[in-house]
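First the structure, in the form of structure tokens, and then the observations on it.
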There are 2 protein chains.
Amino acid sequence: MERTPHLLVVDDDREIRTLLGRFLGQHGFRVSLAAEGREMMRALEEKAIDLVVLDLMMPGEDGLSLCRRVRVDSALPIIMLTAAGEDIDRIVGLEMGADDYLPKPFNPRELLARIRAVLRRHAALPPLPGEAGPDENGGPRYRFAGFELDTGGRTVRDPDGAELPLTAGEYDLLLCLVQRPRRVLSRDQLLDLTRGRTAAPFDRSIDVQIGRLRKKIEADPKEPSLIKTVRGGGYLLAAEVTRAGDTQ
Amino acid sequence: MERTPHLLVVDDDREIRTLLGRFLGQHGFRVSLAAEGREMMRALEEKAIDLVVLDLMMPGEDGLSLCRRVRVDSALPIIMLTAAGEDIDRIVGLEMGADDYLPKPFNPRELLARIRAVLRRHAALPPLPGEAGPDENGGPRYRFAGFELDTGGRTVRDPDGAELPLTAGEYDLLLCLVQRPRRVLSRDQLLDLTRGRTAAPFDRSIDVQIGRLRKKIEADPKEPSLIKTVRGGGYLLAAEVTRAGDTQ
DNA sequence: GGCTTTGTGTAACGCCCTGTAACAGACCCC
DNA sequence: GGGGTCTGTTACAGGGCGTTACACAAAGCC
């Protein structure tokens, strides 16, 4: 049950990147690495990242811009690393929207402490009295093959408009597929994205969950047309998905 | 019970003002802005400001003088921003009567922490009658799924307009859900937000309270459509919530 | 084309999480 | 101090979900 937080370290300097990765790994985190923006965005799509450690100064798209991009549609915690001498003061600090920042060179223990602090803060009280705006009515809706998935209410309606009685696990799995349509997702990825854990050697739980989900959304579960099996690869959602704007 | 604190940022530098506004807004406060003394006084008259962040050095009437003017007839908390190099100690100690001050350039997180600290300290004191403190007529109203929750009177009306006889605990729990609609709230969070304590190992009190609440507001408590269970996660209010203006 | 190997579908079982009734202590109001 | 209400605790029932086992299908091999 207890899931170990999954960190993403984004830094163009390979040495720093791998050192940080190893260090954080040794201290009980799962760690993924990215050298620049594109890799970072891909990791965010494919993995269940809990926190990003982001270098401010990078070739190509810099940390500031990446930070803003992430902030557009998520509250994912971000810790910024700023090179010595960069002007960190008020403007940068305010502008960047990071949850914390750390000037280089830093003591890795200090980074550890801040990561833990930010994670704790996020886990403990995400619901500040009226965070980001009093009337935050939740996330987007997705439509596919006549179905409608409402992330705010965690509900799914079938083409007739009836609410599908999905269990929590089934909903999580479906959401995960719907957010990455027409892409093969390995069991490992699905497990990471839905349960936040890595697969045990003979882990078949995803298969079973897929089966249960198919029974509820496939016209003919024996001949699935929505959730397809990719032998040796995983599963994919075959339908086209449109994302409706957030709840009005 | 709790309302989102309303801050007033007073600074003549437009960039700093708006950046601060955005930053504080992102962290769960309602924020108003003023560029100089006149605007500030008007905001204080028209809005229920809980705390002022005030730049010391401003053209026209400076922060010090404004601070004293406010202090004449209220104990409204004030945090002063002082430009680097200004001689703070003496002035602070002797004259300004602010609750805290922060030398520029400052880490925005530091400002956040001080704002929270000052608000907490201030909330602990008994409210003075006549102070520009909490709204006289109580807080906002929320509507969801035909229900109306009035934070002023701590009452809830069902879609027929009849008043629901909720107990104090049930009301607190419902308010807590209504203020964070369409988000999964863990038992721990709910317990913290409603009772201000953390869960004991086998604490099931939230489950029981949720059950009692469901009996009163769900059409079919066996198939809850308003308060959903997220297995392994907690509960969420599935309905959309609109916040009506504060009670007149 | 048969046989083997490997991977997937699924039924069955059991643990653990959640719903809920019953009870008892705390608190409140005469 | 007594009756009523509210709320936390406990116990039990039901259901979700991970595990396991087995059947079957697909790919590999000769």
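In what follows, every chain begins at residue 1, and chains take the letters A, B, ... in the order their sequences are listed.
B:Ile206 places its CD1 atom 11 Å from the C1' atom of D:dG8, with the value rounded to the nearest Å. Between the NZ atom of B:Lys216 and the C1' atom of C:dG19 there is a distance of 17 Å, given to the nearest Å. If you take NZ of B:Lys228 and C1' of D:dG16, they are 16 Å apart, rounded to a whole angstrom. Atom-to-atom, CG of A:Asp203 to P of D:dC17 comes out at 15 Å; the value is rounded to the nearest Å. Straight-line distance from the CG atom of A:Leu213 to the P atom of C:dG9: 13 Å, rounded to whole Å. Rounded to a whole Å, the CZ atom of B:Arg187 is 10 Å from the P atom of C:dC17. A:Asp207 places its CG atom 18 Å from the P atom of D:dC24, with the value rounded to the nearest Å. If you measure from atom CG of A:Leu190 to atom P of D:dG18, you get 13 Å, rounded to the nearest angstrom.
No hydrogens or angles were tested; on distance alone, a donor-acceptor pair under 3.5 Å links the side chain of A:Arg204 to the base of C:dG9. Applying the 3.5 Å distance criterion, the base of D:dG8 shares a donor-acceptor pair with the side chain of B:Arg212.
Separating the CG atom in A:Leu149 from the CZ atom in A:Arg157 is a distance of 11.5 Å, to the nearest 0.5 Å. Taking CG from B:Leu191 and CG from B:Leu185, the interatomic distance works out to 12.5 Å, rounded to the nearest 0.5 Å.
Among the protein residues, A:Ser205 comes within range of the nucleic acid bases, having at least one heavy atom under 4.0 Å from a base atom.
Considering only the side chain of B:Gln209, D:dT7 comes nearest among C:dG7, D:dT7, C:dT18. When the nucleotides C:dT8, D:dT20, C:dT20 are ranked by their closest atom to the side chain of B:Val208, C:dT20 comes out on top. The side chain of B:Lys215 approaches C:dA21 more closely than any other nucleotide in the set C:dA21, C:dT18, C:dT10. Residue A:Arg197 places its side chain closer to D:dG18 than to any other of D:dG18, C:dT8, C:dG19. For A:Arg214, the side-chain atoms get nearest to C:dG9 when compared with the rest of D:dT7, D:dT9, C:dG9. Set against D:dT9, D:dC17, C:dT20, the side chain of B:Arg231 has D:dC17 as its closest nucleotide. Of the listed nucleotides (C:dT8, D:dC17, C:dT20), C:dT20 has the atom at the smallest distance from the side chain of B:Lys222.
Looking at B:Arg214, its side chain does come within 3.5 Å of a backbone N or O of B:Ile227 through a donor-acceptor pair.
Here the rule is side-chain contact (heavy atoms from CB on, under 4.5 Å) with B:Leu166, and of B:Thr155, B:Leu175, B:Val156 only B:Val156 fits it.
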>> One pair to check against salt bridge (Lys or Arg N to Asp or Glu O under 4.0 Å): A:Glu46 and A:Arg180. What are the steps and the verdict?
In response: CA-CA 9 Å; A:Glu46 295 181 350; A:Arg180 297 158 189 84; over 6 Å; no
>> Using the rule given for salt bridge (Lys or Arg N to Asp or Glu O under 4.0 Å), can you reason through A:Asp172 versus A:Arg154, listing the C-alpha separation, both sets of side-chain angles and the distance that settles it, and then say yes or no?
In response: CA-CA 9 Å; A:Asp172 288 340; A:Arg154 284 180 68 95; 3.2 Å; yes
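For the pair B:Tyr235 and C:dG19, the criterion of a side-chain N or O lying under 4.0 Å from OP1 or OP2 is met. An OP1 or OP2 oxygen of D:dG18 is reached within less than 4.0 angstrom by a side-chain nitrogen or oxygen of A:Arg195. The phosphate of C:dG9 (OP1 or OP2) has a side-chain N or O of A:Thr229 nearer than 4.0 angstrom.
Between A:Phe144 and A:Phe147, the angle of the ring planes stays under 30°, which puts this pair in the parallel group of the 30/60° scheme.
Within residues 164-182 of chain A, the residues having any heavy atom closer than 4.0 Å to DNA chain D are, in order of number, A:Thr167, A:Ala168, A:Gly169.
A side-chain donor from one of B:Asp203 and B:Ser205 sits under 3.5 Å from a side-chain acceptor of the other.
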